[in-house]
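Accompanying notes for the structure given below.
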Amino acid sequence: PFYSKPRGTVKFTLSPGPYTFFAPTDAAFAKLGTDALNAFSDSQLKSIVRYHIVDGYTLVPMVSGGDDYPTLLGETVRIVPSKGVRDLVP
């Protein structure tokens with residue numbers, strides 16, 4: 001609902017997984033606003049997606065909080081529980 005600009009599929013290659021994708025919430029998208037979301041280039045979208053993917057198979061209940069995970073973007077994020085949601089903290 002927050003991303004309204006029609007566009008093609010942004011493709012990138014991953015080696016065989018497994019991977020875990022920590023999807024942003026609707027609230028996170030709403031915080032950015034429609035104009036900002038529509039302004040992202042394909043390169044920026046790829047980086048955003050890679051920032052939210054970690055190598056390996058991780059279920060949310062397995063994340064106890066304060067665990068560091070290297071992302072496919074090359075950043076390390078800490079996943080902490082917050083009101084029943086897991087937040088990525090750079």
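- Looking at heavy atoms from C-beta onward, Val54 lies out of side-chain contact with Phe21 at the 4.5 angstrom threshold.
- Looking only at side-chain heavy atoms (C-beta outward), Val77 and Tyr51 come within less than 4.5 Å of each other.
- The side-chain heavy atoms of Ile53 and Tyr69, taken from C-beta on, include no pair separated by under 4.5 Å.
- Residues satisfying the side chain to side chain contact (heavy atoms under 4.5 Å, CB included) criterion with Ser47, sequence neighbours excluded, are Leu73.
- A distance of 11.0 Å separates CG of Asn38 from CG of Leu32, quoted to the nearest 0.5 Å.
- Arg50 and Thr71 get closest at one heavy-atom pair: O-CB, 3.6 Å.
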